[in-house]
Amino acid sequence: MGIIYRNYENKNKSDYKNLHQLAKICRKKRYKLFVVNNLNLALKIKAHGVYIPAFNKQISNALNLNNKNILIIGSAHNQKEIQKKISQK
């Protein structure tokens, strides 16, 4: 089981506190937790990975994941988006 955390509107500190609690619960229940578009936040809360949505066309292989045990997942809804995700690695 996995949970994708995405909150495009609220970016305040109480939101971080809630996310930190969610990460603890996920670790306890052995759920995978993915944070949308934010590698630094995913690393900070020790999430399993980062989720790159289909509409995000700018993130590329610039994510520096050398020596980091983190997964990247994404979504694509057609052949063009699939090719974009492949190019994003």
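Position 1 is the first residue of the sequence, and the numbers go up from there. Just the heavy atoms: all of them, side chains too, but no hydrogens, waters or symmetry mates, feed the values below.
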With sequence neighbours left out, what residues match [X] under side-chain contact (heavy atoms from CB on, under 4.5 Å)?
X: N78; value: K80, E81
X: Q21; value: K24
X: I4; value: F34, V36, Y51, I73

Name each donor-acceptor pair under 3.5 Å that joins a side chain in residues 41-50 to protein atoms two or more places apart or in another chain, with its distance.
residue: H48; atom: ND1; partner: L33; partner atom: N; Å: 3.3

*In terms of hydrophobic clustering (I, L, V, M, F, W, Y; side-chain heavy atoms under 4.5 Å; direct or indirect links), are Y31 and L22 co-clustered?*
yes
